[in-house]
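One structure below.
Given the structure is predicted, the values throughout are model-derived calculations rather than measurements. One is the number of the first residue; the rest follow in order along the sequence.
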Amino acid sequence: MRQKRLKLTFRQPFRVKGISRMLPAGDYELVPDQELTAEFYLPAYRPVVALIHMPSQAHRCSSFVKASVDLADILALHRQDQRDAATPAERG
């Protein structure tokens with residue numbers, strides 16, 4: 001298994017499959033777990049699961065929970081969030 005941490009900043013509140021509540025805008029840490037495929041000549045990794053670190057519902061500043069999410073889903077939501085929040089000048 002291999003882990004690589006990603007920091008995603010959402011500009012707008014969002015909802016992701018697998019989490020029953022709306023998540024607020026802000027910074028999120030994503031930790032995709034990847035496993036080595038059975039290729040002998042060219043090692044490759046494939047995503048297995050991704051954990052997202054998110055604020056708890058208790059509204060305590062230091063309280064965070066982790067949940068499993070589909071890596072492709074959360075990255076697609078992040079791309080859409082960035083497009084939706086871009087100003088007309090940023091869009092080109």
Item to check | His53-Tyr28 aromatic ring centre distance below 6.0 Å | outcome: no

Next on the checklist: Between Lys7 and Asp27, does any NZ, NE, NH1 or NH2 come within less than 4.0 Å of an OD or OE carboxylate oxygen?
Outcome noted: yes

Checklist entry - Taking 4.0 angstrom as the limit, do Asp73 and Lys17 come out as a salt bridge? => result yes

Next on the checklist: Glu29: which residues meet the side chain to side chain donor-acceptor pair (under 3.5 Å) condition with it, sequence neighbours left out?
Outcome noted: Arg5

Item to check | Candidates Leu77, Leu51, Leu30 - the one meeting side-chain contact (heavy atoms from CB on, under 4.5 Å) with Val69 | outcome: Leu30

Item to check | Passing candidate, side-chain contact (heavy atoms from CB on, under 4.5 Å) with Ile52, options Leu6, Ile19, Val16, Leu8 | outcome: Ile19

Item to check | Backbone N/O of Thr9 and side chain of Gln82: donor-acceptor pair under 3.5 Å | outcome: yes

Checklist entry - By side chain to side chain contact (heavy atoms under 4.5 Å, CB included), which residues pair with Arg79, not counting sequence neighbours? => result Leu75, Ala76, Arg83

Checklist entry - Between Arg15 and Ser20, what is the shortest heavy-atom contact and its length? => result NH1-O, 3.1 Å

Checklist outcome for this item: Rounded to the nearest 0.5 angstrom, the CG-CZ distance for Asp84 and Phe14 is 13.5 Å

